[in-house]
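Structure record follows, encoded as structure tokens.
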Amino acid sequence: MTNKAVEKHRRRKSLRWSMVRRLVFGWFLPLLIMILVVIVLMTENVLRQVDQTIHSSVEKTVEIMEIQLKDCETASKNASYMAMISKYYRQYFGEENRTEFEKSVEEYLRQQYAYDDNCRTAELVVLNEPENCYYALNESNGGTYQDVRFFRTKAKEEILEVAKTLDTGTTLVGIDGRIYMVRNLVTSKFVPYAVLALELNQDSLMKSYAGIWGYADAALYWNGELLVPGRLENEEYTEHDYDYITDTLGERDAVYRYKSGDYSHAYRRIKTYGGTMVLMVSLDNSVIYAEMKVMWYFFLILFLFMIPLVVQMMRFFHNKVTVPLGEVIAAADAVREGELGIQIVNEEDNEEFYQVKDSFNHMSQQLKNQFDKIYLEEVALRDAKIMALQSQINPHFLNNTLEIINWEARLNGNYKVSGMIEALSTMLGETMNRKEAQFHSVAEEMAYADAYLYIISQRFGAKFRCEERIDERLLNVQVPRLIIQPIVENAVEHGMDITEQGRLEVRLFEREDGYLCIEVEDNGHLTEEDRKRIDRILSKDAEMAKEKRVSLGIRNVDQRLKMIYGPDCGLFIDSNEEEHTVSTILLKMDVPSEQ
């Protein structure tokens, strides 16, 4: 086997693994990529919808809370606009009737705020006597005297300080997790005489946030202070969190930030009442991304269903293609090893492989029959040759005998044997050279070469193919005898691996420079060892004692052509672009006059 054939054999892959590669890269992998692309696109779409829905629901909730704060502000303004407290202040305070003043003010506060869901307590501090505090409790939403005590001990001083800067405005004050709405009560000359502080009901303010999609908890900051801490055990709300939130918001007022784990967060900045309120809403990922999880589960199930399909396809291919092909290959290897006539059990249920096995069985049996027949013919030919040598039969007698055998073969219908005898007779007749001529026509030379090629084709059958491209205008050109057949024989014997598939092409044409060119191309690979051998045979000082008959023949052709036509003619052997071996016979169109 040539190096090129060995390289091709190494490149050949198993049909099973070739099918697996095509199945993986041509179907499974593209389908997997398509699924991943769909997952990515759908995930992006879901995330976009989640982001829009959360922003929208947070905005709606913030609007509701702002309305509640506006209602509280309106309620606080009533204490000024209704002028009841100022009336009691003028009526009782100047007369130092503290008991009546306290009773009237607290009754008014109860009427205005004790049933307001947005208020937990209402406290009034008269600036002339800041040590006293008048209050009303909203017991329906949890207001207690402890809230009043907290106001008096911890919140009052800070609220009074804030009130000094308010004038007639309203603001929010956060103290230790409590939210107070603060405003001044002023006289007709806009001089403050009292401070009203409404402790807001956080549950009422945050109640609307339960309507946010996936709502789990919320925290509220006022001017950096944590007013409403979250209640989730695994969530921590500290001052450091506020810094993180402001960094996350940046210049934006609303941000939704996905976090891996159980909860994501939405942030909203609200600028109101001269300060900044920041809301952080914790969202349950299991609720928000339930649709996405369903999608992932769907594609996971789809992917898992693809695996049995791939396995089934591979099993089908293995049972219906690989196994039958393996049986055919094993039988072919057995034939190559000399086990002619081997038969394959043919129980295939598909038409294609049934026909392949049936054809192989038929071919194997025919091959055995042909081999037996040729073997018997060779034995008979050997015996005839021995008898001929023993009888010292001369060539003319042998040629006449072959003619008789040819007619007997024809009469018996054995045209194949007849054709081979005719070819052999043609070669024998050309070898005897009865006319003793040194030159003859191209047609006669090709007839001799064709006789040899016919015998070779009968010998190797489908493993040998020959094609001829002859310029018919040159058939009458005179050329030296026996120059083509030795070259053809060399190509058959040394140039190609005819046990695999031998291909030969003979071309005869006139070159543009007027030379007659005969090319014999075979599909063999010309190795470096072959090149050295050819150079050695065609050199002037070659020692031919140890060379084979075929090598002597090509040297004889080259030397004769150089002697007849000159050193520019002769035999040249090289490789073409397809790495095939090309033997070129170059001679002149005209026969030398001295010949």
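One is the number of the first residue; the rest follow in order along the sequence.
- For Glu123 and Arg152, the salt-bridge test fails: no basic side-chain N is under 4.0 Å from an acidic carboxylate O.
- From Gln112, atom CD reaches atom OG of Ser76 across 10.5 Å, with rounding to the nearest 0.5 Å.
- Here the closest non-hydrogen pair linking Ser140 and Ala114 is OG-O, 4.4 Å.
- No side-chain heavy atom of Leu185 sits under 4.5 Å from any side-chain heavy atom of Val195.
- Two residues are said to be in side-chain contact when any heavy atoms from C-beta on lie closer than 4.5 Å; Asn201 and Asp116 fail this criterion.
- Ion pairing between Lys70 and Glu66 fails under the 4.0 Å rule for side-chain N and carboxylate O.
- The residue from Glu521, Arg531, His580 that alone fulfils the side chain to side chain donor-acceptor pair (under 3.5 Å) condition with Ser575 is Arg531.
- Annotation: the span from Thr272 atom OG1 to Glu73 atom CD amounts to 7.5 Å, rounded to 0.5 Å.
- Once rounded to the nearest 0.5 Å, the distance linking OH of Tyr256 with CD of Gln52 reads 12.5 Å.
- Inter-residue side-chain proximity for Leu279 and Thr61 is flagged as unmet; no heavy-atom pair is nearer than 4.5 Å.
- With a 6.0 Å radius and a threshold of 12 heavy atoms from other residues, nucleotides or ligands, Gln111 has its CD atom above the threshold.
- Remark: Arg503 is not positioned above the aromatic ring of Phe464, lacking an NZ or CZ atom under 6.0 angstrom from the ring centre and at most 45 degrees off the axis.
- Classification of Glu467 and Arg469 as a salt-bridged pair holds, one side-chain N sitting under 4.0 Å from a carboxylate O.
- Counting all heavy atoms, side chain and backbone alike, Arg183 lies closest to Gly169 at CB-O, 3.6 Å.
- Residues Ile85 and Tyr193 have side chains in contact (heavy-atom distance under 4.5 Å, counting atoms from C-beta outward).
- Counting only heavy atoms from C-beta outward, the side chains of Arg465 and Leu504 never approach each other to under 4.5 Å.
- Checking side-chain atoms of Asp176 against main-chain N and O of Ala155 turns up no donor-acceptor pair under 3.5 Å.
- We find that Glu106 and Lys103 are not joined by a salt bridge, their nearest charged nitrogen and carboxylate oxygen being 4.0 Å or further apart.
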Check step by step if side-chain contact (heavy atoms from CB on, under 4.5 Å) holds for Leu200 and Cys72. CA-CA 8 Å; Leu200 302 182; Cys72 292; 3.6 Å; yes
Trace of the side-chain contact (heavy atoms from CB on, under 4.5 Å) decision for Leu137 with Val148: CA-CA 8 Å; Leu137 302 177; Val148 178; 3.5 Å; yes
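- Contact record, Ala163 with Asn184: O-ND2, 2.8 Å, taken as the closest heavy-atom pair.
- The closest donor-acceptor contact from the side chain of Lys156 to the backbone of Pro130 lies under 3.5 Å.
- Proximity of a side-chain donor or acceptor of Asn361 to a complementary backbone N or O of Ile344 within less than 3.5 Å is detected.
- When all heavy atoms are compared, the tightest approach of Ala254 to Arg268 is CB-CD, 3.8 Å.
- Annotation: Tyr134 is in aromatic contact with Phe101 [ring centroid separation under 6.0 Å].
- With contacts defined as side-chain heavy-atom distances shorter than 4.5 Å, the pair Asp284/Tyr215 does not qualify.
- No side-chain heavy atom of Phe150 sits under 4.5 Å from any side-chain heavy atom of Tyr145.
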Derivation and outcome, side chain to side chain donor-acceptor pair (under 3.5 Å), residues Asp530 and Thr527: CA-CA 5 Å; Asp530 294 334; Thr527 64; 3.0 Å; yes
Does the side-chain contact (heavy atoms from CB on, under 4.5 Å) test come out yes or no for Leu283 and Tyr263, once each step is laid out? CA-CA 5 Å; Leu283 305 171; Tyr263 302 98; over 6 Å; no
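- Proximity of a side-chain donor or acceptor of Ser364 to a complementary backbone N or O of Ile342 within less than 3.5 Å is detected.
- Using modelled atom types, one side-chain atom of Asn223 and one backbone atom of Thr276 make a donor-acceptor pair closer than 3.5 Å.
- Separation of atoms CH2 (Trp222) and CD1 (Ile270) is listed at 9.5 Å; rounding is to 0.5 Å.
- Interatomic distance, CD of Gln365 versus NE2 of His362, reported as 9.5 Å (0.5 Å rounding).
- Side-chain N or O atoms of Tyr113 include one that pairs as donor or acceptor with a backbone N or O of Ala75 at under 3.5 Å.
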Set out, in order, the CA-CA distance, both residues' side-chain angles and the distance that settles side-chain contact (heavy atoms from CB on, under 4.5 Å) for Asp253 and Leu249, then state yes or no. CA-CA 6 Å; Asp253 290 331; Leu249 284 169; over 6 Å; no
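- A donor-acceptor pair under 3.5 Å is formed between the side chain of Asp147 and the backbone N or O of Thr144.
- Arg269 contributes no side-chain N or O that, together with a main-chain N or O of Met277, makes up a donor-acceptor pair within less than 3.5 Å.
- Test Asp117, Asn118, Asn138, Asn141 against Ser204 for side chain to side chain donor-acceptor pair (under 3.5 Å) and you get one pass: Asn118.
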Go through the steps for Gln68 and Asp71 under the test side chain to side chain donor-acceptor pair (under 3.5 Å), then give the verdict. CA-CA 5 Å; Gln68 290 176 306; Asp71 291 342; over 6 Å; no
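- Thr581 places a side-chain N or O within donor-acceptor distance of the main-chain N or O of Gly524, the cut-off being under 3.5 Å.
- Within the 4.5 Å cutoff, the side chain of Tyr221 has heavy atoms near those of the Ile245 side chain.
- When all heavy atoms of Ala122 and Leu109 are compared, the closest pair comes out as O-CD1, 4.2 Å.
- No side-chain donor-acceptor contact under 3.5 Å links Gln355 and Asp358.
- Of all heavy-atom pairs between Ala197 and Val182, the closest is CB-CG2, 4.4 Å.
- One N or O on the side chain of Thr171 and one on the backbone of Tyr273 form a donor-acceptor pair closer than 3.5 Å.
- One distance of note links CG of Leu198 with CG of Leu69; it measures 11.5 Å at 0.5 Å rounding.
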